[in-house]
Number of protein chains: 2
Amino acid sequence: MKTIKDIAKVAAVSPSTVSRVLNNSGGYSEKTKQRILTISKQLNYQKNEYASSLVSTQKVNVIGVIVTNAKSSFSTKIIEGVEDFGYQKDARILLAHCGMSDNERLRKCIDLMLRQNVTGIISISVQFDEDNLAYLNKFDMPLISINVVVPGYPSITINNYQAAYQATQFIIEHGHRQIALVGVKKDDLQTGYNRIDGYSKALMDHKITIDQNLIIDGDFSFDSGRKSFETLLKLPKMPTAVFAASDDTAAGIISGAYEHDYNIAGELSIMGFDNSKISEMITPQLTTVVQPFYEMGELAVKEILDSKPEASVVLPVNIIDRGSVFKTISKYTSNN
Amino acid sequence: MKTIKDIAKVAAVSPSTVSRVLNNSGGYSEKTKQRILTISKQLNYQKNEYASSLVSTQKVNVIGVIVTNAKSSFSTKIIEGVEDFGYQKDARILLAHCGMSDNERLRKCIDLMLRQNVTGIISISVQFDEDNLAYLNKFDMPLISINVVVPGYPSITINNYQAAYQATQFIIEHGHRQIALVGVKKDDLQTGYNRIDGYSKALMDHKITIDQNLIIDGDFSFDSGRKSFETLLKLPKMPTAVFAASDDTAAGIISGAYEHDYNIAGELSIMGFDNSKISEMITPQLTTVVQPFYEMGELAVKEILDSKPEASVVLPVNIIDRGSVFKTISKYTSNN
DNA sequence: AGCTTTTACGCAAACGTTTGCGTAAAATTA
DNA sequence: TAATTTTACGCAAACGTTTGCGTAAAAGCT
């Protein structure tokens, strides 16, 4: 690797001059500028950003991204948003996986980011345990969390309560009154609880009594959707619609139905959540709640680079109708 | 951020001693070691890897990963492999997206890797144009390519010819003789061509005449699968099986069939390719060709870190049977 | 005790940059 | 032409580490 000194030697100037030319900081003649530029091109010079950032006041921005090893793939979309926007801003992405609730590994991720002294950290769906949170607090390291709230730090989330309310209302407006909620983690205070709440409120607002049997626990995964279908089958009466906690879970329900030779067409409406790629690729394509993942990534970068990430953001969601929730004439309109 | 000097000051030793203690390089008493260690813990010291790698002979490994913005999501699996194995080896992942055949952006990705002087580059599905390849050649930068062959550099791929042969044979052995090949790019010399070749050879070996109308061009995407189904419909005779170029394409075919009220169950066998997540989540679950993405990622890291990445590797594939290719009694056994 | 070996540390250079300061030379002005 | 300003550059320090070399002090030996 060629250094600034190599160029200086060839150009018969001091390294300082080379540096000034390459950084456009003035203080050289046009002639030497051209000379230095051509030489640096000839030598295929590449600045060593490590050395540079060590001394320069205007550091190069490196953004640390910590993701879980979650099966769900929406993090890809977020990272794409991070990358694209970071690219525009000439920032680098340092990526690290922290496993699933593997506190030790999360600690190592944090340490990594600190040692590489990144500009800030974007964590995606990462749950910080007490220890790691306390540890992080010791440093002056900006962090912005996507999808989950990390106490004391800004976050980018959606309003899960409202999203669930909207989705449930959408289903109700299509004539359904027996609506299952499948795949949320009940003890997940950040997401699960709020979604159950929004779902319940929508039902109540439409004078539909809440049937606890229709709220089926899960972990947002495909598998939990698949298993949940069996639970649905065992119900005294099959609901007419299912609100799935994620598109993956929705896919699981469809898969489970197929497995049990249950033909959902015209029988069981399904609402997904996420608008992940699978929601378009599955048959039937899913009506689903759109989470603006890409924008979340962009926004996170923006906040980190503005270095005023004190403001948490709650992004709006909308529903994309792909026809998997269809109109039904409720059989219960009168007697409830 | 605390530095080694801060520790030195508090411990009343020189920075050298602190460094030696922290790196276990010997030359200090047990007493000072303990003192320094506790102080460094108290101060929340974190080594600055930039400064360190600038001078140290045993640099910290940073692995540059360049991915396209491809819609297909298998890169996630590869990156996971890279990350997990890199984590074990204490390597860092610098991630960059290079768009789709955006040569300028690819150049910037390369420059980025050079400036951050990474240990080596892992490129996933990236097609290098002549210019960028020539450019890269100027540097002494190890690169290993996954999925595509980059002239002059080692690569990790599968044998597409053989994979297609195996898959086609699998279909034939289930009694099919009218087998469409859908979604490959004919002019893609690296993948498309070889898959067509393997498919053709398998047919020939089983004395099935090749019908060019059954080879339907595409770009491995969901959409091309969806569109291709219409092409299939227009054929004088519907094939009994489809070999899709990717799981995404297979999903597209299923989606297209649904769109046209064509019930594939028992009628149209489908073989996917990739074993991506969708192959399990779709209904019906797909019999598919398993690409060892995760292992590819691991292997790539291994080769970069061994810094002897001269050897290209062709990994074996296998077929996972999920029942989407079913037995049929060929109606053409006798008259062909 | 006197000698040699080992231990435990400090000094200073180095990595590849950037940047404040200093200063000859060139350019401008009177 | 002489005085003044500007230009164009070099010097050296700095960033936070690591590491070869040097050396007092301690330890071991006879």
Side-chain angles (χ1 to χ4, degrees), chain A residues 1-37 39-40 43-62 92 111-112 114-119 139-140, chain B residues 1-37 39-40 43-62 92 111-112 114-119 139-140:
Chain A
M1 273 292 153
K2 298 296 177 184
T3 75
I4 224 173
K5 288 182 189 171
D6 297 320
I7 300 176
K9 214 164 288 172
V10 179
V13 293
S14 76
S16 329
T17 304
V18 177
S19 171
R20 277 188 277 257
V21 168
L22 295 177
N23 291 307
N24 275 311
S25 40
Y28 41 80
S29 69
E30 183 63 24
K31 204 177 60 181
T32 49
K33 174 183 172 179
Q34 292 309 328
R35 189 155 39 99
I36 288 175
L37 285 182
I39 291 174
S40 95
L43 298 185
N44 292 310
Y45 170 75
Q46 290 285 347
K47 157 192 321 204
N48 182 330
E49 285 190 348
Y50 280 26
S52 170
S53 90
L54 198 57
V55 58
S56 179
T57 47
Q58 54 219 25
K59 295 186 182 256
V60 54
N61 284 308
V62 179
R92 326 271 174 249
D111 277 345
L112 165 62
L114 290 167
R115 284 201 299 269
Q116 292 268 328
N117 66 347
V118 298
T119 308
F139 304 93
D140 182 31
Chain B
M1 272 294 151
K2 297 297 178 185
T3 75
I4 223 172
K5 288 181 189 171
D6 297 320
I7 300 176
K9 213 164 289 173
V10 178
V13 293
S14 75
S16 329
T17 303
V18 177
S19 171
R20 275 188 278 259
V21 168
L22 295 178
N23 292 306
N24 275 311
S25 39
Y28 43 80
S29 69
E30 183 63 23
K31 202 178 61 182
T32 50
K33 174 182 171 179
Q34 292 309 330
R35 186 155 39 99
I36 288 176
L37 285 182
I39 291 174
S40 93
L43 298 185
N44 292 312
Y45 170 76
Q46 289 286 347
K47 153 186 336 196
N48 182 330
E49 285 190 349
Y50 280 26
S52 168
S53 90
L54 199 57
V55 57
S56 179
T57 47
Q58 54 219 26
K59 295 183 182 261
V60 53
N61 284 308
V62 180
R92 326 272 175 249
D111 278 345
L112 164 62
L114 291 167
R115 283 201 297 271
Q116 292 267 329
N117 67 347
V118 299
T119 309
F139 304 93
D140 183 30

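Numbers restart at 1 for each chain; the letters A, B, ... are given by sequence-line order, proteins then strands.
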Using a 4.0 Å cut-off on protein heavy atoms (strictly under), produce a 5'-to-3' string for nucleotides 15-20 of chain C with B for base contact, S for backbone-only sugar-phosphate contact, and - for none. BBBBBB
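- Residues B:Gln116 and B:Tyr50 approach most closely at OE1-OH, 4.0 Å, considering heavy atoms.
- Between the side chain of B:Lys2 and the main chain of B:Tyr45, no donor-acceptor pair closer than 3.5 Å is present.
- Using a 4.5 Å heavy-atom threshold, the side chains of A:Asp111 and B:Gln46 count as touching.
- A heavy-atom distance below 4.5 Å is not found between the side chains of A:Asn61 and A:Val118.
- For A:Asn23, the side-chain hydrogen bond (donor to acceptor under 3.5 Å, both in side chains) partners two or more places apart in sequence, or in a different chain, are A:Ser19.
- Taking the side chain as every heavy atom from C-beta outward, B:Met1 and A:Leu114 approach each other to under 4.5 Å.
- Between its two ends, the helix from C:dA1-D:dT30 to C:dA30-D:dT1 turns its axis by 40°, counting five pairs per end and rounding to 10 degrees.
- At a threshold of 4.5 Å between non-hydrogen side-chain atoms, the residues B:Ile7 and B:Leu43 count as touching.
- Rounded to an integer number of Å, the gap from CD of A:Gln34 to P of D:dA8 is 13 Å.
- Annotation: side-chain hydrogen bond (donor to acceptor under 3.5 Å, both in side chains) contacts of B:Thr32 (sequence neighbours excluded): B:Ser29.
- Screening residues 47-56 of chain B for salt bridge (charged side-chain N to carboxylate O under 4.0 Å, His left out) gives A:Arg115-B:Glu49, B:Glu49-B:Arg92 as the qualifying pairs, with residues at least two apart or on separate chains.
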For nucleotides 23-27 of chain C, print each protein N/O atom paired with a nucleotide N/O atom at under 3.5 Å, atom names and distance only.
none

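- Within the 4.5 Å cutoff, the side chain of B:Arg35 has no heavy atoms near those of the B:Val10 side chain.
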